[in-house]
K.L.:
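My questions will all concern the structure given below.
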Amino acid sequence: MIKNIEMIERIDRLIRMQATGSPEYLASRLGISKPTLYRIIRTMKTLNAPVVYDYSLQSFVYEKAVGFQFGFFAKSGRVSSASGSLRLN
């Protein structure tokens, strides 16, 4: 699972730079097959990434500005300690 998330993050960075190249080139660059690349792109779209391929740029791009983040972060509020454990209030 971590490997898949890292791959999505890598593809996301390349898309933001509009530097993916063709699907064949991107798959080769990532060391994956073209069908695997398309599965990852489909997963990104399932997660609401507005990914399209721009033929004039020869790169995958986002149709609108989006951000991708995976991980845990503190919600707003203060963090306090109770009985040796941390708890959000």
K.L.:
Can you confirm whether Ile15 sits close enough to Met44 that some side-chain heavy atom of one is under 4.5 Å from a side-chain heavy atom of the other?
P.N.:
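They are in contact (side-chain heavy atoms under 4.5 Å apart), so the answer is yes.
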K.L.:
One pair to check against side chain to side chain contact (heavy atoms under 4.5 Å, CB included): Ser59 and Thr20. What are the steps and the verdict?
P.N.:
CA-CA 5 Å; Ser59 179; Thr20 67; 3.1 Å; yes
K.L.:
If you round to the nearest 0.5 Å, how far is CZ of Phe68 from CZ of Arg16?
P.N.:
9.5 Å
K.L.:
Considering only distance and modelled atom types, tabulate donor-acceptor pairs under 3.5 Å from the side chains of residues 3-11, sequence neighbours left out.
P.N.:
none

K.L.:
Name the residue from Asp12, Val52, Leu26 that meets the side chain to side chain contact (heavy atoms under 4.5 Å, CB included) definition with Phe60.
P.N.:
Leu26
K.L.:
Quick one: side chain to side chain donor-acceptor pair (under 3.5 Å) pairs with a partner in residues 39-50, sequence neighbours left out?
P.N.:
Thr36-Arg39
K.L.:
How far apart are the C-alpha atoms of Tyr62 and Val51, what are their side-chain angles, what is the distance that settles it, and do they pass the side chain to side chain contact (heavy atoms under 4.5 Å, CB included) test?
P.N.:
CA-CA 5 Å; Tyr62 290 125; Val51 180; 3.5 Å; yes
K.L.:
Are Leu30 and Tyr38 in one and the same hydrophobic cluster, where Ile, Leu, Val, Met, Phe, Trp and Tyr link if side-chain heavy atoms are under 4.5 Å apart?
P.N.:
yes
K.L.:
Let me check something: do Tyr25 and Met17 share a hydrophobic cluster, defined by ILVMFWY side-chain heavy atoms less than 4.5 Å apart, either directly or through other members?
P.N.:
no
K.L.:
Under 4.5 Å between side-chain heavy atoms, hopping through other hydrophobics if needed: is there a path connecting Tyr55 to Ile41?
P.N.:
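Same cluster: Tyr55 reaches Ile41 through Ile, Leu, Val, Met, Phe, Trp or Tyr contacts under 4.5 Å.
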K.L.:
How far does CG of Leu37 sit from OG of Ser28, to the nearest 0.5 angstrom?
P.N.:
11.0 Å
K.L.:
For Tyr53, does the OH atom sit with more than 12 other heavy atoms under 6.0 Å from it, leaving out its own atoms?
P.N.:
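Check passes, neighbour count above 12.
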